[in-house]
Amino acid sequence: MSTHELIFAGLDGDRTWRLEDYVARGGYSALKKIINEKISPEDVIAEVKKSGLRGRGGAGFPTGLKWSFMPRAFPGAKYLACNSDEGEPGTFKDRDILRYNPHSVIEGMTIAAYAMGCERGYNYIHGEIFDVYQRFEEALAEARAAGFLGQNILGTDFGFELFAHHGYGAYICGEETALLESIEGKKGQPRFKPPFPASYGIYGKPTTINNTETFASVPFIINDGGEHFLNLGKPNNGGTKIFSVSGHVGRPGNYEVRLGTPFSELLALAGGVRGGRRLKAVIPGGSSAPVLPADIMMDCTMDYDSISKAGSMLGSGAVIVMDESTCMVKALERLSYFYFEESCGQCTPCREGTGWLYRVVHRIEHGKGRPEDLDLLNSVTANIMGRTICALGDAASMPVQSFVKHFGSEFEYHIEHKQCLVPADVQNEGSKIYVGPTC
Amino acid sequence: MLSQESLARIDVEVAKYPPEQKQSAVMGALRIAQEEKGWLANETIDFVARYLDMAPIAAFEVASFYNMYDIEPVGKHKITVCTNLPCALSGGVHAAEYIKQKLGIDFNETTADGKFTLKEGECMGACGDAPVLLVNNHRMCSWMTPEKIDQMLADLDK
Ligand SMILES: Cc1cc2nc3c(=O)[nH]c(=O)nc-3n(C[C@H](O)[C@H](O)[C@H](O)COP(=O)(O)O)c2cc1C
Ligand code: SF4
Ligand code: FES
């Protein structure tokens, strides 16, 4: 049972984020290797394809393939965007990457810009982490001064300008086309696709968007080779992955492990279930991923394919652990409120549907549920899914469907008895303030 | 309408974008304006819009879309507590209840002396540090036990 660290290797909290520390850890050697050995952009993309790296932001799309969609010969500017708008409940890895190892993201983005011919990039940073945004600005200044960013990088004619864009509180801006709108200085409302960002992105120019952790993985792929990275994980699931483990565990926190690590090992790393209570359910990939009951989860390994076979998604790698003190109706009520609150309101099925879902789960939780409510929830989700501009509609529906599917009897009990199966004092004890040994 | 210092900081934001895309700086500019003024009155938003050569309505849309802009007056200190599920499992709701009781206000209310406004927040990307709260948008406080909340309120009250 152990972590396997690439991105987190050799870090010492707030003390080792500066350029000199990064260089001492071997940082910027991948960029230098590309320049010194004159590795072509095509070969960089081929190496990333070989690595089996899949997007760490939620959808798990193969990164090398995404990069190959960018038009080669395009007259005019091409853009690169990093998605650090980490707002998916349960996810807190990008914040740690940015505050403890910001240069890994800068180097990864610079390599990506080289591979795709982008002249400008933006890192879109979540509004609530202002100090992390400020630190990233400092890291950018260090990289510019050292010749790793700007015009004539490392004395060549390759240039890349990178800036930080600070969000200000809107979950939807994590959706990639809402993020583009937000960079343009507009409300963060997702765009219709097609056209896809690779042809029509920031200011209408070809743009590639990747997650923070995706970019931070790139230097390791260039240094050690795509095949080495692939073999750290398992076929089709290359590399290591940072899992944010939250909820009812002894040591909530980020754990970087090989993809394919058994869930039981990850749980043990995070200190096991708190207070000797029994595991009830796990949301394995951020709040939008379907919930799985304990027994199914304990048989999973932590990789895209295993979690998807079990009926959920690896998503952003946010593992929300719930023990037997949890009321599943109340848990779902809070998530449904979140999606209702964060819907951008552009599509009727999402705007109205998320309101319906919240109100129905709310009334079940508050003893006012009706016998037909579970059918109603299922029909509302069926009317949302696949009928919206962006995936937030699906993201709001999947928790509802999976909670009702796996824990339907708890919902029925609520409706019939106007109260919860889990006694109030047990719930209260399970959700009280717990700060763990970390602080 | 805004201080020279704020304008200089806004100019730094503007310089991040191509010259013909000044509007991209509106989020940063509104943040800086809010830091100076405490909240965003219509005339402040208008001023920012004119400074960036954009339609006031477009700037107003931005100010009202993103949760961290205050388009209504708030107390001297705004405290936003995360109660989303991962935090709630580790005491987020209990921490919020404790603050409500101490300040004698509910969410979206301001204390009678105008010192504190309390807000309910969504995931701040720091769920491993629950309970988590934000002070005046920019200072994140982690692992907020009742003792730490007492300390924080006392410090802010000075
Ligand atoms: C509602 C919604 C919220 C999202 N939030 C994030 C986010 O916070 N961070 C992120 O990287 N991707 C997020 N995504 C996924 C992005 O749209 C996009 O797929 C991702 O940034 C691509 O990068 P990757 O291929 O490296 O994962 C979100 C998607 C949706 C529909
Ligand atoms: S699905 Fe919801 S969040 Fe997405 S564009 Fe439509 S209304 Fe907005
Ligand atoms: S749920 Fe509170 S910070 Fe994520």
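The structure presented is a predicted model; accordingly, all values stated were derived computationally and were not measured. Chain A is the first sequence line, chain B the second, and so forth, proteins listed ahead of strands; every chain is numbered from 1.
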Let's test your reading of the structure: which of A:Glu341, A:Glu137, A:Gln189 forms the most heavy-atom pairs below 4.5 Å with chain B? A:Glu137
Among A:Tyr171, A:Tyr203, A:Phe338, A:Tyr122, which has the most heavy-atom pairs under 4.5 Å with chain B? A:Tyr203
Given a strict heavy-atom distance threshold of 4.5 Å, which part of A:Thr91 is in contact with chain B: side chain, backbone, both, or neither? backbone
Scored by heavy-atom pairs under 4.5 Å with chain B, the best of A:Gly127, A:Gly87, A:Gly253 is A:Gly127
B:Ser24 (side chain) donor-acceptor with A:Ile183 (main chain) under 3.5 angstrom: yes
Can you tell me if A:Arg334 uses its side chain to pair, donor with acceptor, with the backbone of B:Thr83 under 3.5 Å? yes
Verify whether the ring centers belonging to A:Phe163 and B:Tyr17 lie closer than 6.0 Å. no
So does A:Gly185 get a backbone contact from the side chain of B:Gln23, meaning a donor-acceptor N/O pair under 3.5 Å? yes
What part of A:Ser431 lies closer than 4.5 angstrom to a heavy atom of chain B: side chain, backbone, both or neither? both
Quick one: does A:Tyr337's side chain have a donor or acceptor within less than 3.5 Å of a partner on B:Asn84's backbone? no
Indicate the atoms forming the closest heavy-atom contact of B:Pro131 with A:Val435, along with that distance. CD-CG1, 4.4 Å
Measuring heavy-atom distances to chain B, does A:Leu162 have an atom under 4.5 Å in its side chain, in its backbone, in both, or in neither? neither
Heavy-atom donor-acceptor pair, A:Tyr168 side chain to B:Leu30 backbone, under 3.5 Å: no
Sub-4.5 Å side-chain heavy-atom contact between A:Glu161 and B:Lys16: no
Answer with side chain, backbone, both or neither: which region of B:Ala88 has an atom nearer than 4.5 Å to a non-hydrogen atom of chain A? backbone
Under 4.5 Å from any heavy atom of chain B, what part of A:Thr326 do you find: side chain, backbone, both or neither? side chain
Can you name the closest pair of heavy atoms from B:Tyr66 and A:Gly188 and give their distance? OH-N, 3.2 Å
Please tell me if the side chains of B:Gln21 and A:Glu184 come closer than 4.5 Å, counting only heavy atoms from C-beta onward. no
By a 4.5 Å heavy-atom criterion (distance strictly below it), what part of A:Val321 contacts chain B: side chain, backbone, both, or neither? backbone
Considering only heavy atoms from C-beta outward, does the side chain of B:Met27 approach that of A:His166 to under 4.5 Å? no
Please check if atom NZ in A:Lys330 has more than 12 non-hydrogen atoms from other residues, nucleotides or ligands closer than 6.0 Å. no
Are any of the side-chain heavy atoms of A:Lys186 and B:Phe65 separated by less than 4.5 Å? no
Considering all heavy atoms, the nearest B:Gly125-A:Phe92 contact: O-CB, 3.1 Å
Between B:Pro86 and A:Ile320, which heavy-atom pair has the shortest distance, and what is it? CG-CD1, 3.8 Å
At a heavy-atom separation under 4.5 Å, does B:Leu85 approach chain A through its side chain, its backbone, both, or neither? both
